[in-house]
Amino acid sequence: MTFSRAIKIAPSILSADFANFGAECEAIEAQGCDWVHVDVMDGHFVPNLTFGPATCAAIRKHIKGVMDVHLMIAPVDPYIDAFAQAGADVLTAHLEAGPHIHRTLQAIRAHGIKAGLALNPATGLDSLSYLLDMVDLVCVMTVNPGFGGQKFIHSQVDKVRALRAMIGDRPIHIEIDGGVTPETAPLVAAAGADVLVAGSGVFKGGSVANPAPYGENIRAIRAAAEATRQA
Ligand SMILES: O=C(CO)[C@H](O)[C@H](O)COP(=O)(O)O
Ligand SMILES: [Fe+2]
């Protein structure tokens, strides 16, 4: 993975057909997405359950590009090895998921993959200043984690702007997760985000049998984000 601040669209398969993940991943890649975002939920850290490392390993075989795994689980440390071995290119843990996030990030990087740090909407940037040499991606949650299809939380745009200033020239991605649409994408892109996760915003209107809407949705989000970058 070479580092670039170009806009990347990362569809969240939380909004895909759960009985058809392989074909869904192939469809969104064929329709022009950049990364595939995989949401792991444990029913404890967040009030919803999805799947574990075996499903991630199965999905991996159907993704040619970057598999971006978002762990919404606590504790997280006992599962880092399993998700790394499942083929994650980026493995993201939550700052709020345990008392030893520095150790968690070390454990992810020990696998030679990118370490991501996710922040809930109510979490500030203070602790991050001590972790900047340990992260390859910071994920700003623009919804409370746990469900797709929620409304974008506008207070997070200022956080993205402050994060952009804090990161400076370091090769760290800023990822936005939750409520991304052609209306909200320009706000976060202008503030400095480069990875835009979108679940409902990409999958709406389409299916494996009719994937063209996936491409239209991806292009609409990308165009809106890129327009504000150039403005
Ligand atoms: O991590 C997540 C939820 O916790 C999902 O990635 C996120 O919600 C994407 O879904 P949508 O674009 O529909 O908001
Ligand atoms: Fe996510």
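Whatever order the structure lists ligands and atoms in, that order sets their numbers, starting from 1.
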Check this for me - ligand 1, [X], N or O atoms closer than 3.5 angstrom, yes or no?
X    : result
S15  : no
F147 : yes
G199 : yes

Next on the checklist: Is the contact between S12 and ligand 1 made by the side chain, the backbone, both, or neither, using heavy atoms and a 4.0 Å cut-off?
Outcome noted: side chain

Checklist entry - Counting from 1, what ligand 1 atoms have a heavy atom of H70 closer than 4.0 Å? => result 1 (O)

Next on the checklist: Tell me if the centroids of the rings in H62 and F21 come within less than 6.0 Å of each other.
Outcome noted: no

Checklist entry - Using links of under 4.5 Å between side-chain heavy atoms of ILVMFWY residues, direct or through other members, which residues join F3 in one cluster? => result none

Checklist entry - Closest non-hydrogen protein atom to atom 14 (O) of ligand 1, residue and atom name please, with distance? => result G179 N, 2.9 Å

Checklist entry - In the protein, what heavy atom is nearest to atom 4 (O) of ligand 1, and what distance, to one decimal place, separates them? => result G146 N, 2.8 Å

Item to check | Under-4.0 Å salt bridge between R222 and D34 | outcome: yes

Checklist outcome for this item: If you count every protein N, O or S atom closer than 2.8 Å to the Fe ion (ligand 2), you should arrive at 4

Next on the checklist: Strictly by side chain to side chain donor-acceptor pair (under 3.5 Å), give each pair with a member in residues 123-134 just once, sequence neighbours left out.
Outcome noted: E96-T123

Next on the checklist: Whether the side chain of E24 engages the backbone of D17 through a donor-acceptor N/O pair (distance < 3.5 Å, no angle test) should be reported.
Outcome noted: yes

Checklist entry - Does R229 have any salt bridge (Lys or Arg N to Asp or Glu O under 4.0 Å) partners at least two apart in sequence or in another chain, and if so, which? => result none

Checklist outcome for this item: Judged by heavy atoms only, the candidate from N144, N48, D177 nearest atom 1 (O) of ligand 1 is D177

